[in-house]
Amino acid sequence: MNQPYLIDIGINLTNKSFKKDLPQVLERAYQADVLQMVITGTSEQESEQALQLCQEYDKTATQLFSTAGIHPHHAKDWHSETLTTLKQLLTEPTVKAVGECGLDFNRDFSPRPIQERVFEEQLTLAIELGKPVFMHERDADDRFTAILKQYRDQLPAAVIHCFTGDKKALYQYLDMDLHIGITGWICDERRGEHLQHLVKDIPTGRLMIETDGPYLLPRTLKTKPQDRRNEPAFLPEVLNTVAHCRQETLQETATHTTTCAQVFFKLPTIN
């Protein structure tokens, strides 16, 4: 490898678009030096599937990991046994964080009061289990911050995944000692320009990178797949843009984002 390997902290490998060629997707990731991935759990079923994929495709338990949680879109599906299911999943060594959880007031697929209650349930669970939290926030930063502040001091660590907000939101999150996940959104010259200016303000040790595939295909890719599917092998494209915007070398950015992810998720080091 010409530079330290990369870690994709948010990849939706349970998505049906990966069903037919997942072994090839993983191989392309490894060839691109993306040697560790955290598969996102967004519902009970997908959290269970994420763990199953880790167990099936990584017999060494050194490269694939997962989260377990309920995305705000699915908050309306929370029922009496959901907490028990999540707690059982989170006892598995491969399941590294609670989430994806949080608030989404952009699409409102679940009523806002239910989103808030389910978010709080998962923050409480993270505190009980001593697990970090993998969080989603869209168009809800004020309410999100107000809720999170009540729990933050007791949480071991927390990351805003796929951050796309403005300077006010970023500084609120940094003031709360949150980690920040940056995706290919930053590679979009139309809607990601503000991120290109903000990313340099994220302190070293608080910044991680992710694809959020199959979504958010980097627009800077020279050759784009016909199906427009994003995958972990394209994470170096995010690295390139982040390094350029932070005026760092690729090696510098790769080193500190990988180290940050290893510490946050308590991942083993690959030699």
Side-chain angles (χ1 to χ4, degrees), residues 7-12 38-44 46-47 50 65-75 78 82-83 86 89-90 95-110 112 114-166 168-183 185 195 198 202 205-212 215-216 257 260-261 263-266:
I7 299 173
D8 189 345
I9 70 156
I11 173 65
N12 301 284
V38 182
I39 305 172
T40 308
T42 59
S43 66
E44 278 189 68
E46 290 199 356
S47 295
F65 307 91
S66 67
T67 69
I70 309 298
H71 190 287
H73 289 346
H74 302 297
W78 185 279
T82 301
L83 191 62
L86 293 181
L89 286 168
L90 287 155
V95 184
K96 294 297 187 179
V98 175
E100 181 177 359
C101 61
L103 302 177
D104 192 309
F105 291 175
N106 177 270
R107 297 189 177 182
D108 288 316
F109 287 161
S110 292
R112 294 183 181 184
I114 295 177
Q115 288 189 44
E116 294 181 8
R117 177 175 62 80
V118 170
F119 183 31
E120 292 194 76
E121 289 269 16
Q122 292 177 89
L123 293 174
T124 300
L125 178 61
I127 291 168
E128 178 187 339
L129 299 179
K131 294 277 191 178
V133 187
F134 187 81
M135 301 182 297
H136 171 102
E137 179 274 305
R138 193 167 182 194
D139 294 349
D141 57 292
D142 287 338
R143 188 70 192 121
F144 181 94
T145 302
I147 291 173
L148 185 59
K149 276 183 177 176
Q150 302 172 57
Y151 299 87
R152 179 64 189 98
D153 287 349
Q154 300 174 74
L155 290 166
V159 59
I160 296 286
H161 123 87
C162 189
F163 177 78
T164 59
D166 58 15
K168 170 180 168 260
L170 177 64
Y171 277 58
Q172 279 181 334
Y173 296 149
L174 292 177
D175 284 347
M176 295 174 71
D177 195 29
L178 302 186
H179 289 68
I180 308 294
I182 296 293
T183 64
W185 192 286
L195 272 185
L198 283 177
I202 302 172
R206 304 268 286 283
L207 172 64
M208 297 182 276
I209 58 176
E210 52 182 321
T211 57
D212 202 25
Y215 317 109
L216 301 179
T257 56
C260 182
V263 172
F264 183 92
F265 291 102
K266 296 183 178 178

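Everything numeric here is computed off the predicted structure, so don't read it as measured data.
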Legend entry - Spacing of Leu170 atom CG and Thr164 atom OG1 [to the nearest 0.5 Å]: 11.0 Å
Legend entry - side-chain hydrogen bond (donor to acceptor under 3.5 Å, both in side chains) evaluation trace for Thr211 with Asp8: CA-CA 6 Å; Thr211 57; Asp8 189 345; 2.6 Å; yes
Inset, instruction - Look up atom CG in Leu90 and atom OG in Ser66, then write down how far apart they are to the nearest 0.5 Å. - result: 8.5 Å
Legend entry - Positive for side-chain contact (heavy atoms from CB on, under 4.5 Å) with His161, one of Glu137, Glu210, Met208: Glu210
Inset, instruction - Supply the atom-to-atom distance Ile39 CD1 to Asn12 CG, rounded to the nearest 0.5 angstrom. - result: 9.5 Å
Inset, instruction - Output yes when a side-chain donor or acceptor of Arg138 lies under 3.5 Å from a complementary backbone atom of Phe105, and no otherwise. - result: no
Inset, instruction - Any chance you could lay out the side chain to side chain contact (heavy atoms under 4.5 Å, CB included) test for Val98 and Leu123, step after step, and finish with the verdict? - result: CA-CA 8 Å; Val98 175; Leu123 293 174; over 6 Å; no
Legend entry - Residues forming a ring-ring contact (aromatic ring centres under 6.0 Å, His included) with Tyr173, sequence neighbours excluded: Phe144
Inset, instruction - Using side-chain contact (heavy atoms from CB on, under 4.5 Å) as the criterion, list what pairs up with Glu128, not counting sequence neighbours. - result: Lys87, Leu125
Legend entry - Validation row: Val95, Lys131 side chains within 4.5 angstrom (heavy atoms): no
Legend entry - Separation between OG1 of Thr145 and CG of Asp175, rounded to the nearest 0.5 Å: 10.0 Å
Inset, instruction - State the CG-CZ distance between Asp104 and Phe119, to the nearest 0.5 angstrom. - result: 12.0 Å
Legend entry - Considering all heavy atoms, the nearest Ala126-Leu155 contact: CB-CD2, 3.7 Å
Legend entry - Distance-minimising heavy-atom pair for Cys162 and Leu216: SG-CD1, 3.5 Å
Legend entry - Partner residues of Asp166 under the side chain to side chain donor-acceptor pair (under 3.5 Å) criterion, sequence neighbours left out: none
Inset, instruction - Could you pull out all residues at least two apart from Asp141 that satisfy salt bridge (charged side-chain N to carboxylate O under 4.0 Å, His left out)? - result: Lys168
Legend entry - Results of side-chain contact (heavy atoms from CB on, under 4.5 Å) for Lys266 - residues two or more places apart only: none
Inset, instruction - Could you pull out all residues at least two apart from Ala75 that satisfy side-chain contact (heavy atoms from CB on, under 4.5 Å)? - result: Ser110, Ile114, Gln115, Val118
Legend entry - Results of salt bridge (charged side-chain N to carboxylate O under 4.0 Å, His left out) for Glu120 - residues two or more places apart only: none
Legend entry - For Gly205 against Cys260, the heavy-atom pair lying closest together: O-SG, 3.2 Å
Inset, instruction - Output all residues satisfying side chain to side chain donor-acceptor pair (under 3.5 Å) with His179, sequence neighbours left out; order by chain, then residue number. - result: none
Legend entry - Residue list, salt bridge (charged side-chain N to carboxylate O under 4.0 Å, His left out) with Asp177, at least two apart or on another chain: Arg152, Arg206
Legend entry - Residues forming a side chain to side chain donor-acceptor pair (under 3.5 Å) with Arg143, sequence neighbours excluded: Glu116
Legend entry - Least distance between heavy atoms, Val133 atom then Phe264 atom: O-CZ, 3.8 Å
Legend entry - With sequence neighbours excluded, residues passing ring-ring contact (aromatic ring centres under 6.0 Å, His included) with His71: His73, His136
Inset, instruction - Evaluate the side-chain proximity of Leu207 to Ile182: yes if any heavy-atom separation is below 4.5 Å, no if none is. - result: yes
Inset, instruction - May I ask you to test the Leu148-Leu178 pair for a side-chain heavy-atom distance under 4.5 Å? - result: yes
Legend entry - Closest contact, heavy atoms only, Pro156 versus Pro132: CG-N, 3.8 Å
Legend entry - side chain to side chain contact (heavy atoms under 4.5 Å, CB included) between Leu174 and Ile180, intermediate numbers included: CA-CA 8 Å; Leu174 292 177; Ile180 308 294; 4.1 Å; yes
Inset, instruction - Given side chain to side chain contact (heavy atoms under 4.5 Å, CB included), test Leu195 with Phe163 step by step and report yes or no. - result: CA-CA 9 Å; Leu195 272 185; Phe163 177 78; 3.7 Å; yes
Inset, instruction - Taking all heavy atoms of Ala68 and all of Leu86, pick out the closest pair and write down the distance. - result: C-CD2, 4.0 Å
Legend entry - Under the side chain to side chain donor-acceptor pair (under 3.5 Å) test, residues paired with Arg117 that sit two or more places apart: none
Inset, instruction - Report yes or no: does Ser43 contribute a side-chain atom to a donor-acceptor pair with the main-chain N or O of Ile70 at less than 3.5 Å? - result: no
Inset, instruction - List the steps and the verdict of side chain to side chain contact (heavy atoms under 4.5 Å, CB included) for Asp142 and Gln172. - result: CA-CA 9 Å; Asp142 287 338; Gln172 279 181 334; 3.7 Å; yes
Inset, instruction - Test Thr82 against every option in Gln122, Glu121, Glu44 by the side-chain hydrogen bond (donor to acceptor under 3.5 Å, both in side chains) rule and name the one that passes. - result: Glu44
Inset, instruction - Hey, could you give me the OH/CD1 distance between Tyr215 and Ile11, rounded to the nearest 0.5 Å? - result: 9.5 Å
Inset, instruction - Give a yes or no on whether the backbone of Asp212 and the side-chain of Thr183 come within a donor-acceptor separation of less than 3.5 Å. - result: no
